[in-house]
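Hydrogens, waters and symmetry mates play no part in the numbers below; they use all other heavy atoms, side chains included. Chain identifiers are assigned alphabetically (A, B, ...) following the order of the sequence lines, protein sequences preceding nucleic acid strands; residue numbering begins at 1 within each chain. As the structure is a computational prediction, the values presented were derived from the model and not from experiment.
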Amino acid sequence: MRQYDGKELPPLGLTIRNQHGHEIMELSGQRYLFGKARLADLDWSVYYLMPYNSIEEQLDWLLVIMVVLLVALVLFILLLRERREKLRSRREVEEAARIRTANKLLEDEIEERRRTERELRETESELVQATKLAALGQMSASVAHEINQPLAAIQVNVASARLLLQQQRSLELEDVLGHVETLVARMSIIVRELKSFARRSDGRIEPFDLRQCVENALMLLDASIRHAEVSVQQAIPDGLVEVLGDQLRIEQVLINLFRNAIDAMDEADQRVLSIHVSVYASSVGLQVDDTGEGVPACPKQVFEPFFTTKSSGEGLGLGLSIAERIVHGVGGTLVAENRPDGGARFTPTLQRPNNE
Amino acid sequence: MNDKYATSAAQNIAVHLVEDDEAMRQSVSRWLALAGFQVNTHSRADPLLQQVEPAFPGVVVSDVRMPGLSGLEFQEMIYRVDPDLPVILITGHGDIDMAVNAMRAGAYDFIEKPFDAERLLDAVHRACEKRSLVLENRQLREQMQEMGGLHARLLGSSAPMSRLKR
């Protein structure tokens, strides 16, 4: 018995087409995806039809989902990019801010440096002033002594003179008065020296005779040299030895160097201050040699302000520092070294005027 | 003035002036001489130190700052030889510390330059008198010891006592 026994079975009018590698069956206007499987043991063939519309529908959905996903992806990427952009721009802003801060710091630093330099200049000029005062202090102590002696002698002589006047011993009175006159002259010399020391320097750089300068410095230190029993040797070429500088300030340099030499030889058996002038093509060197202990292993140290080997109260340690500064100020150099045969050597070198 | 200071007690006492500054030495010695003192001048302390002994018939006026022995050192050395030998110190740059130390070390007086001439004269006068009395006192004591016993018990120098002692 068959299901369709005796019935006429008209063809269903199906067509099978091959589309994109799939077999598509059309049946009464409907399209089906057509699949076929063989069941070997039954010797059957099973045909499986799936309405194409639903597949298309599903495909449409898939498409929609994919488009949505794509859009989401694009959006996501865009978002990422924007975030990155934002981050970058924020970084740029930060960078700019940092640069600005750095610039500000730099500017501050420059300003700070300018201020420091200004302060340094001021300190330097204060140092010059302090050295002057220290030199004046030392000098006034020795001047006080130098003036005190004749002053005390004059006072005693005046008392003697009054006594002699009362007793009408005019010859002896005359003698006492002559004595007073000598003492007054002695005091005037000291005062004259002091006045020349106190004279302000206008800082002009002009040619002057170094020999005169050396003589002035030695004259001012005469009392100290004699008191310290120092012998002075000079070797200065004949004729005018012109150098460039401010004579008064260079005089102060020489006074400082000579005084340093005298002090350095305080405890030495042999006390010789040698001054040796050498004239070169464009400069003049002045060697100041002593027979003292010499300078420390690092000779530059002696030019540091407040460096001193003297006991306290005998000097501030500014003399050599100020000497170096002054020499540099007029375009010269000042070198400290030890002599081969002992003792220190200070050599200020000054420029010669170039009009010759 | 002369009469005022040239007292009998100080007549035989010499003033030894030690001063390295010639002008000062000259003016002070003249002033003291005018006042009636016998003055010996020295430019350094060392040679004078040799002469100093307990019976030294003089007083010392010395500058402090001098080459060689300073006035302060000189004074201390004299003090060791005879604490009753007056030393008057003169200085141009003395401070209170120096003065106090000098007086503690036994200096008789401490005068700062410049000084009033009368002030020096007064100090020298007192110093000479003191020296004179010290020496006299020592002499008397020695005499007393020499005489010993009985004489030591007879006190005073009134006329009857002197007669008794003889």
Quick one, Asn157(A) and Trp31(B) - any side-chain contact, counting heavy atoms below 4.5 Å? no
If one checks every heavy atom of Val176(A) against chain B at 4.5 Å, the contacting part turns out to be both
If you count heavy atoms of other groups shown closer than 6.0 angstrom to CD of Glu181(A), is the number above 12? no
Write out, in numerical order, the residues from residues 334-342 of chain A with a heavy atom short of 4.5 Å from a heavy atom in chain B. none
How about residues 68-83 of chain B versus chain A: which residues have heavy atoms under 4.5 Å apart? none
Report, by ascending residue number, the residues of residues 18-30 of chain B in heavy-atom contact with chain A at a distance under 4.5 Å; give 'none' if the set is empty. Glu19(B), Asp21(B), Ala23(B), Met24(B), Gln26(B), Ser27(B), Val28(B), Arg30(B)
For Arg126(B), salt bridge (charged side-chain N to carboxylate O under 4.0 Å, His left out) partners two or more places apart: Asp109(B), Asp122(B)
Nearest 0.5 angstrom please: Arg162(A) CZ to Glu118(B) CD, how far? 9.0 Å
Looking at Glu53(B), I want to see if its CD is surrounded by more than 12 non-hydrogen atoms of other residues, nucleotides or ligands under 6.0 Å. yes
Proximal component of Leu164(A), with respect to chain B [non-hydrogen, under 4.5 Å]: side chain
With a 6.0 Å cut-off (strictly less than), is the heavy-atom count around CD of Glu172(A), excluding the residue itself, greater than 12? yes
So, for Lys113(B) and Asn148(A), which heavy atoms are closest and what is the spacing to 0.1 Å? O-ND2, 3.0 Å
